Q: 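Pasting in a structure now, in structure tokens, and then I'll have a few things to ask.
Atom set for the values below is all heavy atoms of this structure, side chains included, hydrogens, waters and symmetry mates excluded. Predicted model only: the values in this text are computed from it and were never measured.
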Amino acid sequence: MLTTPTPLKVALMSCAHTHAVGYASQLQARPDVDLVVADPDGYGDVTGPAVVGSYQEAWSRWPDGPDAVVITSANAHHRDLVLEAARRGVHVLCEKPLATTVADAEAMVAACREAGVVLMTAFPVHFSPAVAALRTAVADGTLGEVIGLTGTNNGKLPSARDWFTDIELAGGGSLVDHTVHVAEILDSMFGEPAAVHATTNRILYADRAGQGAETGGLVTLTYASGLVATIDCSWSQPSDAPTWGGLTLQAVGTGGQLQVDAFAQHVGGPGQWHAYGVNTDALLLEAFLTAVRTGQTVEPSGEVGLRTVRVVTAAQESARTGQPVAISG
């Protein structure tokens, strides 16, 4: 006779990030999860009896506290929430970017390692079948020697969450928001780059972005092998586009090339976009909950979250100076 595992006690910390609604929906539907949602900023996107108004109420929801937390706060608040979870011995899935500074990301990774708790970074596109196919093609040599990659992670300028364009809360603008997904995919295949060169601008939507927040950017990663990859990380989708944006990656090798479009599966007409296929949020949460039950971290880990923060920080310095910046891991 099959038995249902004891439900994991999970607290979703904040509804500030737009992914919070999707994660809450997935978790609420699982019989193996007992969920509480903390909405201290009162966004009101997630409803139900398990929504509370403060982090403290979420921490104390159960007499012995939660087993795990999913952190979907503004970027600048990730550090304190992760360190508190580590102090309490609670496993963590933290929204990307892991932190707004390298020092904060290092502290978060170290705290979770010392506490013996799982730390994963929320990169759902890691689980895309198209991305998995690219990783396989690179690993088995189908493309020969990969010599160049062109990546895009474009989207709409966030409008429902003003903190995305507040450089104090977000850590920057579109470069911070839309570099890390592609950087994580590249990291999973090629490791950390040797140097980063970036340029940014405020040509699009400057009237709607916060002071100093870039709305367009191009990041070039150079690897020790000579491999070069670019990431277009702009908020360039028109406000009336039928979907938020997308992620593509084209790999060119000596034996062929492969084009990835992570969100290609959809049907629709003018102004319509109806996605189908696997739900990468669900796959991410499944991987995290399995890691919580086993105590074994799986990718995308906190360590890869740290490495992508290094890439973003180097890109920001490069954009300021106009010069390439070496990565020092």
Q: Verify side-chain hydrogen bond (donor to acceptor under 3.5 Å, both in side chains) between Glu299 and His126, making sure each step is shown before the conclusion.
A: CA-CA 8 Å; Glu299 296 300 335; His126 178 90; over 6 Å; no
Q: Could you state the interatomic distance from CE (Met108) to CD1 (Ile71), rounded to the nearest 0.5 Å?
A: 6.5 Å
Q: Using a 3.5 Å distance criterion without hydrogens, assess whether the side chain of Asp39 forms a donor-acceptor pair with backbone atoms of Val51.
A: no
Q: State, to 0.1 Å, how close Tyr55 and Met13 come at their nearest heavy-atom pair, and which atoms those are.
A: CD2-SD, 3.7 Å
Q: Between Thr215 and Leu157, is there a side-chain heavy-atom distance shorter than 4.5 Å?
A: yes
Q: First locate atom OG1 of Thr297, then atom CE of Met120, and finally report the distance between them rounded to the nearest 0.5 Å.
A: 7.5 Å
Q: As an exercise, state the distance from CZ of Phe190 to CD1 of Ile185, rounded to the nearest 0.5 Å.
A: 11.0 Å
Q: Can a donor-acceptor pair be found, under 3.5 Å and without considering hydrogens, that links the side chain of Thr220 to the backbone of Thr230?
A: no
Q: Could you walk me through whether Cys112 and Val118 pass the side chain to side chain contact (heavy atoms under 4.5 Å, CB included) test, one step at a time?
A: CA-CA 7 Å; Cys112 290; Val118 167; over 6 Å; no
Q: Ignoring hydrogens and angles, state whether a donor on the side chain of Thr313 or Gln316 is under 3.5 Å from an acceptor on the partner side chain.
A: no
Q: Group every Ile, Leu, Val, Met, Phe, Trp and Tyr by side-chain heavy-atom contacts under 4.5 Å, then state whether Leu221 and Val260 land in the same group.
A: yes
Q: Hey, any chance Val52 and Leu27 share a hydrophobic cluster, counting ILVMFWY side chains that come within less than 4.5 Å of each other, even indirectly?
A: no
Q: Are there over 12 heavy-atom neighbours, none belonging to Glu57, within less than 6.0 Å of that residue's CD?
A: yes
Q: Could you walk me through whether Asp162 and Asp166 pass the side chain to side chain contact (heavy atoms under 4.5 Å, CB included) check?
A: CA-CA 7 Å; Asp162 289 343; Asp166 181 326; over 6 Å; no
Q: Compute the centroid of each ring, for Trp235 and then for Phe164, and state whether the two points are separated by less than 6.0 Å.
A: no
Q: For the residue pair His19 / Glu95, report whether a side-chain donor-acceptor contact shorter than 3.5 Å exists.
A: yes
Q: Using every non-hydrogen atom in the two residues, find where Ser14 and Ser73 come nearest and quote the distance to one decimal.
A: OG-CA, 3.4 Å
Q: Evaluate the side chain to side chain contact (heavy atoms under 4.5 Å, CB included) criterion for residues Val252 and Thr150: first the C-alpha distance (whole Å), next the side-chain angles of each, then the deciding distance (0.1 Å), finally the verdict.
A: CA-CA 9 Å; Val252 178; Thr150 303; over 6 Å; no
Q: Could you tell me if the side chain of Tyr205 sits less than 4.5 Å from the side chain of Ser174, heavy atoms only?
A: no
Q: Are Phe288 and Val298 in one and the same hydrophobic cluster, where Ile, Leu, Val, Met, Phe, Trp and Tyr link if side-chain heavy atoms are under 4.5 Å apart?
A: yes
Q: Rounded to the nearest 0.5 Å, what separates atom CG in Leu134 from atom CG in Leu258?
A: 5.5 Å
Q: Kindly give the heavy-atom pair with the smallest separation between Phe127 and Thr280, and that separation in Å.
A: C-CG2, 4.1 Å
Q: Looking at side-chain heavy atoms only, is the closest gap between Val278 and Pro129 below 4.5 Å?
A: yes
Q: Just do the salt bridge (charged side-chain N to carboxylate O under 4.0 Å, His left out) check on Arg320 and Glu317 with the steps written out, would you?
A: CA-CA 5 Å; Arg320 284 193 298 269; Glu317 182 180 348; 5.1 Å; no
Q: Strictly distance-based, threshold 3.5 Å: is any side-chain N or O of Thr290 a donor or acceptor partner for the main-chain N or O of Ala287?
A: no
Q: Checking Ser234 side chain against Asn154 main chain: does a donor-acceptor pair fall under 3.5 Å?
A: no
Q: Taking Gln26 for the side chain and Tyr23 for the main chain, is one N or O donor matched with an acceptor at less than 3.5 Å?
A: no
Q: Is there a side-chain contact between Leu8 and Arg30, using heavy atoms and a 4.5 Å cut-off?
A: no
Q: Are the side chain of Arg79 and the backbone of Asp104 linked by a donor-acceptor contact shorter than 3.5 Å?
A: no
Q: Report yes if the distance between the aromatic ring centroids of Phe123 and His181 is under 6.0 Å, otherwise no.
A: yes
Q: Looking only at atom types and distance, does a side-chain atom of His78 sit under 3.5 Å from a main-chain N or O of Leu98, one as donor and one as acceptor?
A: yes
Q: Is the shortest heavy-atom distance from the side chain of Leu149 to the side chain of Leu249 under 4.5 Å?
A: yes
Q: Do any N or O atoms from the side chain of Arg161 and from the backbone of Cys15 form a donor-acceptor pair under 3.5 angstrom?
A: yes
Q: What do the steps show when you test Val146 against Leu227 for side chain to side chain contact (heavy atoms under 4.5 Å, CB included), and what is the final call?
A: CA-CA 7 Å; Val146 179; Leu227 170 69; 3.9 Å; yes
Q: So among Thr179, Asn75, Asp177, which one has a side-chain hydrogen bond (donor to acceptor under 3.5 Å, both in side chains) with Lys96?
A: Asp177
Q: I'd like to know whether Arg307 forms a salt bridge (charged side-chain N to carboxylate O under 4.0 Å, His left out) with Glu303, so could you lay out the CA-CA distance, the side-chain angles of the two residues, the decisive distance to 0.1 Å, and finally the verdict.
A: CA-CA 6 Å; Arg307 293 193 295 272; Glu303 284 79 3; over 6 Å; no
Q: Using only atom types and a distance under 3.5 Å, with no angle test, would you say the side chain of Thr121 pairs donor to acceptor with the backbone of Ser301?
A: yes
Q: Any idea which heavy atoms bring Val117 and Gly89 closest together, and the distance?
A: CG1-C, 3.4 Å
Q: Please round to the nearest 0.5 Å and tell me the distance separating atom CG of Leu12 and atom CG of Leu93.
A: 9.0 Å
Q: So how far is it from Asn153 CG to Ile231 CD1, rounded to the nearest 0.5 Å?
A: 8.5 Å
Q: Under a 4.5 Å cut-off applied to non-hydrogen side-chain atoms, are Tyr43 and His17 in contact?
A: no
Q: Kindly give the heavy-atom pair with the smallest separation between Val10 and Trp62, and that separation in Å.
A: O-CH2, 3.5 Å
Q: With a 4.0 Å cut-off on N to O distance, would you call Arg310 and Glu192 a salt bridge?
A: yes
Q: Is there a donor-acceptor contact under 3.5 Å from the side chain of Thr165 to the main chain of Gly210?
A: yes
Q: On a heavy-atom basis, which atom in Ala107 and which in Leu83 lie closest, and how many Å separate them?
A: O-CD2, 3.7 Å
Q: Does any non-hydrogen side-chain atom of Gln323 lie less than 4.5 Å from one of Ser318?
A: no
Q: Val312 and side chain to side chain contact (heavy atoms under 4.5 Å, CB included): which partner among Val180, Val219, Val196?
A: Val180
Q: For Lys9, run the salt bridge (charged side-chain N to carboxylate O under 4.0 Å, His left out) check against Asp34, Asp32, Asp67 and tell me which one passes.
A: Asp67
Q: Side-chain contact test, heavy atoms from C-beta onward, threshold under 4.5 Å: evaluate it for Thr18 versus Trp244 and give yes or no.
A: no
